[in-house]
Amino acid sequence: MSTTEIETIRLSRRGFLNAAALGAASIAVSACATTGPAPVAPPPPVYVEPPLPDYATMYAAVSDGGFDLPAIPFEKIDPQYLRQIVPDPTGQQPGTIVVDTTGHHLYLVRPGGQAIRYGVGLGRAGFEWSGDAVVQWKQKWPKWTPPDEMIARQPELKPYSADNGGMPGGLKNPLGARALYLFQGNVDTLYRLHGSPEWRSIGKSVSSGCVRFMNQDIIDLYDRVPSKTPVIVTADIGQASVATGNRQAIPIDAGVPNDAVF
């Protein structure tokens, strides 16, 4: 065998050994890469409700729909009835409205175990109502039509009867700057979530069966909830609501306008 042939064999053998060494190294590296723990995805961020403005801003005077709403003297109101973000005590799904008739609070349930709480005024004894409903219709500066039962008790309201066209929306209208109309199925309950110029009534039971807000608060709620929002009115937060069996309450409104579009 010639010298040239011997050298060729040596080179071929050396190349084979080098290739084998590289292959073994690749296998080792690959083994190291696949035997480690799989990467763990970070947990989804916890939802935090955006902070509300300060009270002076929330309850400042505001021009709305051609009307000038006066500022509310929030310093004279029990702080528990001012709009605020609180831990959700209701256990309901986000987007649900829960009216606590015992505490005179309304909760709009938000994600992340939070709720926006508003102070409300409610119906006095003999005018209460409870149960489940939905927001079927929403209206800015609604017309008010007192029901016949209310006119019978307060004859001075006759100029605003349905036959006389009702009271146009405005600063003195009992439904205030906004009204959310509550239905059960396709039936109007004649009860409303509505504004009121009477801020002193918040936290008290004085109205004819409806849930009244300070006007700045009902404007805020109106902008946050769509139609078909579920509403629960109950005296026992966190418990199943029980509708009043023999409804004695006289509602504040005679019904949605005939030309209402749902």
Side-chain angles (χ1 to χ4, degrees), residues 52-78 81-84 97-99 104-108 116-123 133-147 150 157 159-160 165-183 188-229 231 233 251-257 259-262:
L52 299 173
D54 60 82
Y55 290 140
T57 301
M58 282 194 288
Y59 296 111
V62 60
S63 294
D64 180 88
F67 300 100
D68 293 326
L69 286 169
I72 295 172
F74 63 90
E75 304 93 339
K76 298 180 180 180
I77 300 173
D78 187 329
Y81 300 125
L82 300 176
R83 190 191 325 161
Q84 55 197 279
I97 291 172
V98 181
V99 180
H104 288 78
H105 294 130
L106 179 143
Y107 297 88
L108 174 59
I116 300 176
R117 190 179 75 188
Y118 306 83
V120 295
L122 299 167
V134 297
V135 175
Q136 184 73 18
W137 195 53
K138 300 165 55 182
Q139 187 65 22
K140 298 180 178 181
W141 295 102
K143 179 169 65 175
W144 176 54
T145 306
M150 182 177 286
L157 298 178
Y160 308 120
M167 177 187 285
L171 295 175
K172 295 183 179 180
N173 188 302
L175 292 182
R178 302 286 190 274
L180 281 62
Y181 294 69
L182 304 186
F183 277 54
D188 186 357
T189 66
L190 305 180
Y191 290 88
R192 314 291 182 235
L193 311 180
H194 66 91
S196 172
E198 300 176 2
W199 56 266
R200 291 181 178 83
S201 67
I202 301 305
K204 301 176 182 177
S205 296
V206 294
S207 68
S208 297
C210 289
V211 181
R212 60 168 62 181
F213 294 70
M214 290 178 278
N215 276 317
Q216 280 83 338
D217 279 348
I218 193 63
I219 290 174
D220 182 80
L221 180 67
Y222 181 101
D223 290 340
R224 292 179 185 272
V225 300
S227 294
K228 304 300 183 181
T229 293
V231 179
V233 182
I252 192 174
D253 195 45
V256 298
D259 58 353
V261 178
F262 299 127

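It should be emphasised that the depicted structure is a prediction, and the values quoted were computed from it without experimental measurement.
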*Taking side chain as C-beta onward, heavy atoms only, is Ser227 less than 4.5 Å from Lys138?*
yes
**Prompt:** Quick one: does Lys143's side chain get under 4.5 Å of Pro168's, heavy atoms only?
**Reply:** no
Rounding to 0.5 Å, atoms OG (Ser196) and CG (Leu175) come to a distance of 9.5 Å
field: Test: Lys140 cationic atom under 6.0 Å from Tyr222 six-membered ring centre, within 45° of axis
entry: no
* If we only count heavy atoms from C-beta on, is the Ile218 to His194 side-chain gap below 4.5 Å? -> no
Across all chains, not counting sequence neighbours, the side chain to side chain contact (heavy atoms under 4.5 Å, CB included) partners of Arg200 are none
Met167/Thr145 under side chain to side chain contact (heavy atoms under 4.5 Å, CB included): CA gap, chis, key distance, verdict
CA-CA 6 Å; Met167 177 187 285; Thr145 306; over 6 Å; no
Quiz question: by atom type and distance under 3.5 Å, do the side chains of Trp141 and Asp64 form a donor-acceptor pair? yes
Sorted by chain and residue number, the side chain to side chain donor-acceptor pair (under 3.5 Å) partners of Lys228 (sequence neighbours excluded) come out as Gln136
Between Ala179 and Pro142, the two heavy atoms sitting closest are CB-CG, 3.6 Å
The ring-ring contact (aromatic ring centres under 6.0 Å, His included) partners of Trp144 (sequence neighbours excluded) come to none
Closest non-hydrogen contact found for Asp68 with Ser63 is OD1-OG, 2.7 Å
Is the shortest heavy-atom distance from the side chain of Met58 to the side chain of Leu52 under 4.5 Å? yes
Evaluate the criterion side chain to side chain contact (heavy atoms under 4.5 Å, CB included) for residue pair Met214 and Tyr81; output intermediate values, then yes/no.
CA-CA 10 Å; Met214 290 178 278; Tyr81 300 125; 5.5 Å; no
Side chain to side chain contact (heavy atoms under 4.5 Å, CB included) test vs Leu182 passes for just one of Val231, Ile97, Val211, namely Val231
Nearest heavy-atom contact between Ser205 and Gly123 is CB-O, 3.5 Å
*Within 6.0 Å of OH in Tyr160, more than 12 heavy atoms from elsewhere*: no
So, His104 side chain and Ile202 main chain: donor-acceptor pair closer than 3.5 Å or not?
no
- Is there side-chain contact between Tyr118 and Asp220, with at least one heavy-atom pair below 4.5 Å? yes
Applying side chain to side chain contact (heavy atoms under 4.5 Å, CB included) to Lys204 and not counting sequence neighbours gives Val206
Asp253 and Tyr191: side chain donor to acceptor below 3.5 Å: no
- Query: Are side-chain heavy atoms of Ile77 and Trp199 found at a separation under 4.5 Å?
  - Reply: yes
Sequence neighbours excluded, the answer for side chain to side chain donor-acceptor pair (under 3.5 Å) partners of Asp217 is Tyr59, Arg83
Do Leu221 and Leu106 touch side chain to side chain, with heavy atoms closer than 4.5 Å? yes
Residue set satisfying side chain to side chain donor-acceptor pair (under 3.5 Å) with Ser201, at least two apart, ordered chain then number -> Arg212
Worksheet item: Is the side chain of Gln84 donor-acceptor paired with the backbone N or O of Leu82 at a distance under 3.5 Å, no angle test?
Response: yes
### Beyond-backbone contact of Arg178 with Leu193, side-chain heavy atoms, under 4.5 angstrom
no
Between Asn215 and Ala177 the two heavy atoms that sit nearest each other are OD1-N, 2.8 Å
